[in-house]
Amino acid sequence: MKILVTAAMVLALSAISERVGPRTAGILAGFPLGIAVSLFFIGLEQGAAFAAQSSVSAIGGLGAALVFCAAYWQASARLTVMNAAGSSVAAILAFLGAAAIIRALPQDRWVLLGVVAALTVAAAFAFRGIKVEGGGTRPRIKLGPRVLAFRAGLASALVLLITGLAGVVGETWAGLLSGFPVTLYPVLLIAHLTYAKEVAHGIIKGFPFGIGSLVICALAASALLEPLGVYGGMAAAIALAGIYLATVSVVVRREGSRKPAA
């Protein structure tokens with residue numbers, strides 16, 4: 001079930017990225033399926049109380065995900081050899097370093113919410129420097145067996161790793177690792193390797209505008225998993241996050257439609 005659900009998410013997001021452009025794909029990357037899958041299976045395997053506390057730390061993990069994006073952007077803009085591999089290593093190390101710093105903070109939902117809010121504002125400001133490539137046509141990715149296996153395999157491996165480590169590393173690290181951009185990272189890598197690093201940068205630029213739904217999902221899960229149970233709590237958390245993301249998408253679309261008229 002973990003493999004099937006995660007693979008479906010990544011394939012859908014990759015298809016959207018091809019059709020609607022990188023900025024919108026970055027916003028939609030904020031849909032909380034990755035973190036929801038991790039927290040859901042952590043809840044099933046470790047219990048609702050464990051998952052609820054992990055959800056609190058997952059809020060902080062989303063701050064580390066923003067650091068991941070910034071590191072990937074900066075590394076890929078500078079490296080001249082092994083660009084995608086080097087950018088991945090730099091981004092993962094940056095995520096773990098940021099997560100370690102956030103772990104030292106009080107694992108209180110409101111403290112971590114403030115940290116993520118500050119990092120989101122900083123990222124949105126910094127990512128303004130990303131130049132999204134113009135509206136030229138890009139060749140479509142042929143969904144052959146190798147591409148499908150790569151997309152599905154990488155994301156599924158990440159979910160299996162995070163949920164498998166939960167019982168070993170404890171509630172706090174399980175939550176922080178749940179904030180890793182499970183669905184975003186494979187899409188970044190695919191866009192980078194198939195098209196160009198600039199396309200991956202465009203996806204990164206939109207991510208701060210969609211991360212609010214991930215935060216809402218983790219915040220709601222931390223409050224609802226114990227009273228409503230794993231199934232009911234995660235369903236409610238995803239529904240609340242979806243309402244937020246739908247609102248943001250409508251606002252962004254309206255702003256985009258006004259620019260040509262101006």
Side-chain angles (χ1 to χ4, degrees), residues 26-27 29-43 46-71 91-92 94-124 158-159 161-163 165-166 169-185 204 207-228 230 232-245 247-248:
I27 295 173
F31 198 78
L33 289 177
I35 194 171
V37 167
S38 297
L39 292 174
F40 174 73
F41 283 108
I42 286 173
Q46 306 297 332
F50 185 103
Q53 184 56 47
S54 294
S55 300
V56 174
S57 298
I59 299 171
L62 295 172
L66 287 163
V67 176
F68 173 96
C69 289
I92 291 170
F95 175 88
L96 293 174
I101 293 171
I102 293 170
R103 185 183 185 277
L105 299 174
Q107 296 303 296
D108 175 84
R109 60 171 62 95
W110 304 115
V111 171
L112 297 178
L113 190 60
V115 170
V116 174
L119 287 172
T120 300
V121 172
L158 289 170
V159 169
L161 178 64
I162 291 167
T163 55
L165 285 173
V169 299
E171 299 166 345
T172 301
W173 267 112
L176 289 167
L177 292 176
S178 295
F180 187 86
V182 168
T183 54
L184 178 65
Y185 174 51
I204 288 172
F207 186 61
F209 297 95
I211 199 171
S213 72
L214 293 169
V215 174
I216 289 172
C217 180
L219 188 63
S222 71
L224 299 176
L225 277 172
E226 286 195 81
L228 298 183
V230 175
M234 285 313 307
I238 292 172
L240 291 171
I243 292 171
Y244 165 86
L245 190 61
T247 304
V248 170

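Quick note: residue numbers are just sequence positions, from 1.
With rounding to the nearest 0.5 Å, the separation of OG in S57 from CG in D108 is 10.5 Å. Between atom CD1 of residue I216 and atom CD1 of residue I238 there is a gap of 13.0 Å, rounded to the nearest 0.5 Å. In this structure, CE in M234 is found 6.5 Å from OG in S55, a value given to the nearest 0.5 Å. Summarising the geometry, atom CG belonging to L219 is positioned 12.5 Å from atom CG belonging to L214; distances are rounded to the nearest 0.5 Å.
Judged as a side chain to side chain donor-acceptor pair (under 3.5 Å), not a single pair has a partner in residues 110-123 (not counting sequence neighbours).
Under the side-chain contact (heavy atoms from CB on, under 4.5 Å) criterion, A236 pairs with L224, L228, sequence neighbours left out. Annotation: side-chain hydrogen bond (donor to acceptor under 3.5 Å, both in side chains) contacts of Q46 (sequence neighbours excluded): none. F180 meets the ring-ring contact (aromatic ring centres under 6.0 Å, His included) test with F68, F95; sequence neighbours excluded.
For V56 against R109, the heavy-atom pair with the smallest separation is CG1-N, 3.7 Å. Contact record, A99 with A64: N-CB, 3.9 Å, taken as the closest heavy-atom pair. Contact record, A220 with L240: CB-CD1, 3.9 Å, taken as the closest heavy-atom pair. Closest approach of C217 to I35, counting heavy atoms only: SG-CG2, 4.2 Å. Shown here for V116 and V215, the closest heavy-atom pair between the two residues is CG1-CG2, 3.7 Å. The two residues A218 and I59 make their nearest non-hydrogen contact at CB-CG1, 3.7 Å.
Test I101, L62, L105 against V115 for side-chain contact (heavy atoms from CB on, under 4.5 Å) and you get one pass: L105.
A donor-acceptor contact shorter than 3.5 Å is absent between the side chain of Q107 and the backbone of S54.
The shortest distance between side-chain heavy atoms of C69 and L184 falls below 4.5 Å.
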Ignoring hydrogens and angles, write down the donor-acceptor pairs under 3.5 Å from the side chains of residues 169-179, residues two or more places apart or on other chains.
from, atom 1, to, atom 2, distance (Å)
S178, OG, A174, O, 2.8

